[in-house]
S.K.: 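Just dropping this structure here.
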Amino acid sequence: MELTYTREEEHFRARLREWLAHALPRLPAEPSPGDWPARRAYDTAWQRMLYDAGYAQVHWDASPTQRLIFLEETETAGAPYVGANFVGLLHAGPTIAAEGTAAQRERWLRPILRGDEIWCQGFSEPDAGSDLASLRTRAVRDGDSYIVTGAKVWTSHAEVADWCELLVRTDPDAPRHRGITWLALPMDAPGVTVRPLRTLAGSAEFAEVFLDGVRVPVDHRIGDENDGWRVTMVTLSYERGTAFAGEVVACRRTLRELAAAARENGRWTDSVLRRRLGRLHAEFTALWRLIQWNVSEARVTGGVPGPGGSVFKLRYSHARQELFDAAAEVLGTGALDLDRPWTLDRLSSLSYTIAAGTSQIQRNIIAERILGLPKGG
C-alpha cells in the first residue's frame, strides 16, 4: 500500500491550510461545552463556511486520502470539530452517499453538508448491550409507511437533531442479522420522545429516544427491506475507519503539551513517566500510520474502509485512555479539578472502549473477518 501523498494531494493540503489561516480568525467565540443548542449553532455555522468555500464535500465526495488530509489539517489548525453534526457528516452522510438512491442523495446530502440539518444515531438499545443484532425496535409495514415502536439509548445529540439513522426489525422471524432495516427517522414526527442522559462529566450529549407508533415513509428506507445489517456495516466501517482520524492528531498534540507541562512542573525528572510518554508517542505514530494504511486500502476498494478499521478502533480506544491517565500523572492532585485541562478528557475517555462498538466486539470482528477464525459455538 502507498502511504505517501501525491503532488495533487499536497497542493490540496496547501490550499486548505491557506484558507484555514484566513477563515479561523473570523469565527465567533466558542460556546460552553454543555450548551448544545448554542453548540449546534456554532458547529453548523462553521459547516456553512466550509460549504461556501468548497470544502464541505470532502467527507464523502473526495478521495479517502483527501479526507485524511482535511481531518489532519483542520485539527492541527485548531478548527472546530464536526461537533453536533458528527453523525450526519461521518456516518449517515457517507452511508446515504454509498447506498441511497439518487432522490435520497438529493434530499439529504446537501443539507448535511451545508449544516442545515443535524443527525443522530439510533442503533443502541436498552436491552441489547453490545449485541446490536439483537435489537427489538419493531417496524411494521402499513401502506407507504412503517409504524415504528421501541426505544433507543446513548443517542448522541438527539435533543438537537433533525434526523436519526434508525435501525429497526422488520422481520421478527428472520435470522437476527437478516430482518433489520435502516431508516431515516424525522425527529419531529409524532410519537418521538427524547429524554437527555447526563454523563459522568456532567454533560448531556446523549439521550434515550422512545418511539410510540411513529410513522416513517417507506421512501426513507436506505437499501432494501431486511438488508439493513449490510447497510449498517457500511455505516460502521466509516465510524471505525476514518472518523477518529482528527482525534489522533489531537492526541498527538496533547502528548506534546503533556511533555511541556511535565518539564514546567518538575515531573519530567520521573523516568517512569518519561518512558510512558515516549511509548505513547510511538503508539500514536503507529496509529496514524494505520489510518494511512486503512485509507490507502479504501482507495483501492472503492472508498469504503475495510475491517482494518476495527484494528484501529480497538487500539485507539485503549491508547486514548492511557494518554489521559498519563495526563493525570502530570497534573498530580490537579487531576481532580474539573476546570483543569485534560481532566474532562480523562473522564470521557472511559467511554471509548464502549462507543462505536465495544472492544470485545472489535476483537470478534478481527478474529472472524481478518484472521479467519471460526465463530464461537
Side-chain angles (χ1 to χ4, degrees), residues 3 24 30 32-34 68 71-81 83 86 198-203 205-206 240-294 308-363 366:
L3 303 183
L24 291 178
E30 189 172 351
S32 65
L68 185 61
L71 292 169
E72 182 181 13
E73 290 300 322
T74 52
E75 182 60 47
T76 300
Y81 185 52
F86 82 91
R198 194 162 296 278
T199 69
L200 179 66
S203 61
E205 66 264 30
F206 299 110
R240 297 165 186 166
T242 56
F244 291 107
E247 293 192 23
V248 171
V249 178
C251 286
R252 296 175 78 181
R253 184 179 66 244
T254 296
L255 193 56
R256 293 191 295 271
E257 293 170 351
L258 282 176
R263 291 186 179 96
E264 289 181 7
N265 66 16
R267 295 186 181 274
W268 191 251
T269 59
D270 184 342
S271 61
V272 175
L273 175 62
R274 291 200 308 272
R275 284 196 296 271
R276 187 175 192 180
L277 294 179
R279 183 177 57 79
L280 284 167
H281 172 74
E283 183 94 40
F284 282 103
T285 299
L287 283 168
W288 183 251
R289 297 299 279 178
L290 180 56
I291 288 173
Q292 291 178 307
W293 191 93
N294 287 337
S310 288
V311 177
F312 167 81
K313 170 60 173 62
L314 175 64
R315 191 54 225 159
Y316 171 67
S317 298
H318 293 272
R320 185 180 178 88
Q321 291 177 351
E322 293 172 15
L323 172 65
F324 289 106
D325 282 346
E329 290 188 40
V330 173
L331 290 174
T333 57
L336 301 176
D337 184 354
L338 293 180
D339 293 326
R340 293 291 297 271
W342 309 314
T343 302
L344 291 178
D345 292 306
R346 188 185 182 207
L347 294 179
S348 69
S349 74
L350 299 175
S351 69
Y352 274 67
T353 47
I354 300 173
T358 66
S359 292
Q360 291 83 356
I361 293 296
Q362 304 310 324
R363 291 188 181 99
I366 293 166

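Residue indices begin at 1 and follow the sequence shown. Values below: all heavy atoms of this structure, side chains included; hydrogens, waters and symmetry mates excluded.
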S.K.: Applying salt bridge (charged side-chain N to carboxylate O under 4.0 Å, His left out), which residue pairs with at least one partner in residues 257-272 are found, sequence neighbours left out?
M.R.: Arg253-Glu257
S.K.: Please say which of Leu273, Val272, Leu277 ends up in a side chain to side chain contact (heavy atoms under 4.5 Å, CB included) with Arg275.
M.R.: Val272
S.K.: When you compare the side chain of Arg252 with that of Thr285, does any pair of heavy atoms fall below 4.5 Å?
M.R.: yes
S.K.: Just how far is it from atom OG1 of Thr254 to atom CD of Glu247, taken to the nearest 0.5 Å?
M.R.: 10.5 Å
S.K.: Considering non-hydrogen atoms only, spot the tightest contact between Val249 and Trp288 and give its length.
M.R.: CG2-CZ3, 3.6 Å
S.K.: Looking at every heavy atom in both Leu71 and Thr74, which two are closest together, and how far apart are they?
M.R.: O-OG1, 3.3 Å
S.K.: Heavy atoms only: give me the nearest Ala319-Leu280 pair and the separation to one decimal.
M.R.: O-CD2, 4.0 Å
S.K.: Can you check whether Leu331's main-chain N or O pairs, donor with acceptor, with Asn265's side chain at less than 3.5 Å?
M.R.: no
S.K.: Can you find a pair of side-chain heavy atoms, one from Trp268 and one from Val330, that are under 4.5 Å apart?
M.R.: no
S.K.: Salt bridge check, Arg315 against Glu322: does any charged N sit closer than 4.0 Å to a carboxylate O?
M.R.: yes
S.K.: Going by heavy atoms in the side chains, are Cys251 and Arg320 under 4.5 Å from each other?
M.R.: yes
